[in-house]
Amino acid sequence: MGSPGNEKAESKGFLAAMTSGFSLFKAVKSSVNGLLGYENLVVINPEGGKEDGEEEAYRGRWRQEERDSYWKMMQKYIGSDVTSMVTLPVIIFEPMTMIQKIAELMEYCHLLDLADKCGDPYLRMVYASSWAVSVYYAYQRTWKPFNPILGETYEMVNHDGMTFIAEQVSHHPPMCAGHAENEHFTYDVTSKLKTKFLGNSVDVYPVGRTRVCLKSDGVVLDLMPPPTKVNNLIFGRMWVDSPGEMVMTNLTTGDKVVLHFQECGWFGAGRYEVDGYVFNDAEEPKLLMTGKWNESMSYQPCDKNGDPLSGTELKEVWRVAAAPENDRFQYTYFAHKINSFDTAPRSLLASDSRLRPDRYALEMNDMSKAGAEKSSLEERQRAEKRTRESKGETFTPRWFDMTDEVASTPWGDLEIYQYNGKYDDEHRHRGGGGGGGVIDNSDGIIDVGMKEFNPWQYNYNDS
């Protein structure tokens, strides 16, 4: 299915006109070649015009010598997937891992509770798709999360009655699986991000499968998010855009939501804007949706042409929560909770991301230690791989099982992992952990410097 705006263009729906209007704009691009002596690089300034391209190119977090060194290292990878093949400096990292980023989607999980309790089949799609949009406020951060170590986990409790567990299930290619559950829904994801490095930007393709089951009637929702582009990696101030379509499909009834994330245009025109429709199984629009992914989402009943019904008005269903001012990593309050032991279970797996020494050193602003610890973890992971291969063994995840199912996505095939239930049966309810063991968090206070991060398959003496 194409963009809802394009589908309704002939009937002149107001969202179609809006989408068509914004399609005339493109973000202002200025070539760095000739400005700074670098080939095939482009600076994209979402806030200004062509005349300030050179000024924008000199902005950003890099010092000149760092920028030159980074470019010399990275230019050979243009056109490549750099998800895990390149060792990157900690200056571009945030103190969080990729599997913790998955947990950020749970900040507004109360919207899934509302979807489960909602008797209107179309309004429940509004709640569920607004939940899917809500995470993009956090995803606009321009810091890179750490790649998880194979076997690394992340657990979260004490948030809206929900339990969350994620695990890094593969290193090459990098893949993680996650499961969340409360009394209203279950959430399951298999994620295998794919990237394409373009010089001063990187395209991120969400190769993955996200499923939500609403427990009241067993409805299953499938989510397909748009790709993301991270602009101005080396020259200029980094910023994130996610132009394209987000599609959420009710696999039980055939209803679906198609939301169009507008591409940033001149002087920021269209940036953050999201518009679309809830369709029934006959692909007839029932509700229109509009808003900004960094602000709020609203809905309104519409006619068959996509125009608002007379006598109705927009109703807001989600608004972003207040965030800390001048936060070093642009963290939300919820992002800080993700790193906190307040959201950790009483018996915490020693493989948990919170315990990573490089992540913790970066959080404490010790860049030198963070870099050294990151290198140490990466070397230990390589040693584990050598030991595993010499023994003729393979890695087996603890909490997720690989299935025979292979899902097709617009960006490639995906092997599906499913939650095996052992986290609840063997760890959460019995206080055990197996593998890397557990750490006592009964008082909610853990000195990370005194606890060993342990996702390893083998003991030190074995590797």
Side-chain angles (χ1 to χ4, degrees), residues 46-47 61 93-115 117-118 123 126-145 154 156-164 180 182 184-185 187 223 225-226 228 230 237-242 246 259 261-262 264 268-275 289-300 313-344 353-354 359 362-365 444:
E47 301 169 351
R61 67 182 59 140
F93 282 77
E94 63 176 344
M96 185 179 287
T97 70
M98 186 61 72
I99 55 177
Q100 289 178 287
K101 291 280 283 189
I102 292 178
E104 281 201 85
L105 188 55
M106 293 294 115
E107 177 169 6
Y108 300 97
C109 66
H110 71 277
L111 291 168
L112 294 179
D113 297 347
L114 293 175
K117 293 184 284 187
C118 182
L123 182 55
V126 170
Y127 286 130
S129 58
S130 295
W131 161 78
V133 170
S134 69
V135 76
Y136 281 84
Y137 178 82
Y139 281 4
Q140 70 181 318
R141 296 198 304 268
T142 56
W143 305 91
K144 182 190 181 303
Y154 178 75
M156 182 170 62
V157 296
N158 303 328
H159 178 66
D160 289 350
M162 180 202 66
T163 300
F164 177 94
N182 70 5
H184 291 289
F185 69 87
Y187 158 88
L223 175 66
T228 292
V230 183
R237 295 165 295 177
M238 272 193 275
W239 60 282
V240 178
D241 204 14
S242 297
M246 171 183 285
L259 297 176
F261 285 54
Q262 304 287 356
C264 179
R271 189 178 182 189
Y272 311 117
E273 296 192 7
V274 180
D275 303 290
M289 295 181 64
T290 186
K292 293 185 176 183
W293 53 257
N294 69 332
E295 186 177 293
S296 65
M297 289 298 294
S298 300
Y299 77 96
Q300 188 172 1
E313 60 183 18
L314 282 172
K315 294 185 178 180
E316 187 176 278
V317 293
W318 166 75
R319 178 166 290 275
V320 69
E325 294 184 5
N326 302 317
D327 189 88
R328 180 187 172 197
F329 294 103
Q330 299 101 46
Y331 272 15
T332 63
Y333 289 111
F334 186 69
H336 283 290
K337 286 179 65 176
I338 285 176
N339 274 337
S340 167
F341 289 98
D342 293 341
T343 54
S353 298
R354 297 176 184 86
R359 187 212 64 78
L362 184 59
E363 188 175 29
M364 296 295 103
N365 201 27

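Since this is a predicted model, take the numbers as computed values, not measurements. Note: hydrogens, waters and symmetry copies are ignored here, and every other heavy atom, side chains too, is used.
Checked against side chain to side chain donor-acceptor pair (under 3.5 Å), His159 has no partners two or more places apart in sequence or in another chain. Every residue two or more places apart in sequence or in another chain was checked for a ring pair (Phe, Tyr, Trp, His ring centres under 6.0 Å) with His110, and none qualifies. Applying the ring pair (Phe, Tyr, Trp, His ring centres under 6.0 Å) criterion to Tyr331, with sequence neighbours excluded, gives Phe329, His336. Legend: residues meeting side chain to side chain donor-acceptor pair (under 3.5 Å) with Tyr299, ordered by chain and number and at least two apart, are absent. In this structure, Ser298 has no side chain to side chain donor-acceptor pair (under 3.5 Å) partners at least two apart in sequence or on a different chain. With sequence neighbours left out, the side chain to side chain donor-acceptor pair (under 3.5 Å) criterion links Glu316 to Arg319. With sequence neighbours left out, Ala132 forms a side-chain contact (heavy atoms from CB on, under 4.5 Å) with Leu223, Met246, Met248. Under the salt bridge (Lys or Arg N to Asp or Glu O under 4.0 Å) criterion, Glu295 pairs with no residue, sequence neighbours left out.
Side-chain atoms of Asn158 and Asp342 form no donor-acceptor pair, as typed in the model, at a separation below 3.5 Å. For the residue pair Gln330 / Trp143, a side-chain donor-acceptor distance below 3.5 Å is found, with atom types taken as modelled.
Within the 4.5 Å cutoff, the side chain of Tyr127 has no heavy atoms near those of the Leu112 side chain. Residues Thr163 and Asn182 fail the side-chain proximity criterion, which asks for heavy atoms closer than 4.5 Å. The closest side-chain heavy-atom distance from Arg354 to Thr343 is below 4.5 Å. Between Val240 and Thr228 there is a side-chain heavy-atom pair separated by less than 4.5 Å. The shortest side-chain heavy-atom distance between Tyr139 and Trp293 does not fall under the 4.5 Å cut-off. Proximity of Val274 to Gln262: side-chain heavy atoms (C-beta onward) are nowhere separated by under 4.5 Å. In this structure, Phe93 and Pro145 have side chains that are not in contact, with every pair of non-hydrogen atoms separated by 4.5 Å or more. The side-chain heavy atoms of Met289 and Met297, taken from C-beta on, include a pair separated by under 4.5 Å.
Considering all non-hydrogen atoms of both residues, Asn294 and Val320 come closest at O-CG1, 3.6 Å. Residues Pro95 and Leu362 come closest through the heavy atom pair N-CD2, 3.7 Å. Here the closest non-hydrogen pair linking Ala323 and Tyr333 is C-CE1, 3.8 Å. Counting all heavy atoms, side chain and backbone alike, Ala335 lies closest to Thr332 at N-OG1, 3.0 Å.
Listed by first and then second residue, the salt bridge (Lys or Arg N to Asp or Glu O under 4.0 Å) pairs that reach into residues 321-339 come to none, sequence neighbours excluded.
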side-chain contact (heavy atoms from CB on, under 4.5 Å) assessment of Leu259 paired with Asp275: CA-CA 5 Å; Leu259 297 176; Asp275 303 290; over 6 Å; no
Evaluation steps, side-chain contact (heavy atoms from CB on, under 4.5 Å), between Leu114 and Trp131: CA-CA 10 Å; Leu114 293 175; Trp131 161 78; over 6 Å; no
Tyr272/Phe261 under ring-ring contact (aromatic ring centres under 6.0 Å, His included): CA gap, chis, key distance, verdict: CA-CA 7 Å; Tyr272 311 117; Phe261 285 54; over 10 Å; no
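Atom CG of residue Leu111 and atom OG of residue Ser129 lie 9.5 Å apart, to the nearest 0.5 angstrom. For the atom pair Ser353 OG and Met98 CE, the distance stands at 11.0 Å (nearest 0.5 Å).
Proximity of a side-chain donor or acceptor of Asp241 to a complementary backbone N or O of Cys264 within less than 3.5 Å is detected. Between the side chain of Arg359 and the backbone N or O of Met96 there is no donor-acceptor pair closer than 3.5 Å.
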With a 3.5 Å cut-off and sequence neighbours excluded, list the donor-acceptor pairs that the side chains of residues 99-109 form with protein atoms.
| residue | atom | partner | partner atom | Å |
| --- | --- | --- | --- | --- |
| Gln100 | OE1 | Thr97 | N | 2.8 |
| Gln100 | NE2 | Asn339 | OD1 | 2.8 |
| Glu104 | OE1 | Arg141 | NH1 | 3.2 |
| Glu104 | OE2 | Arg141 | NH1 | 3.4 |
| Glu104 | OE2 | Arg141 | NH2 | 2.7 |
| Tyr108 | OH | Ala321 | N | 2.8 |

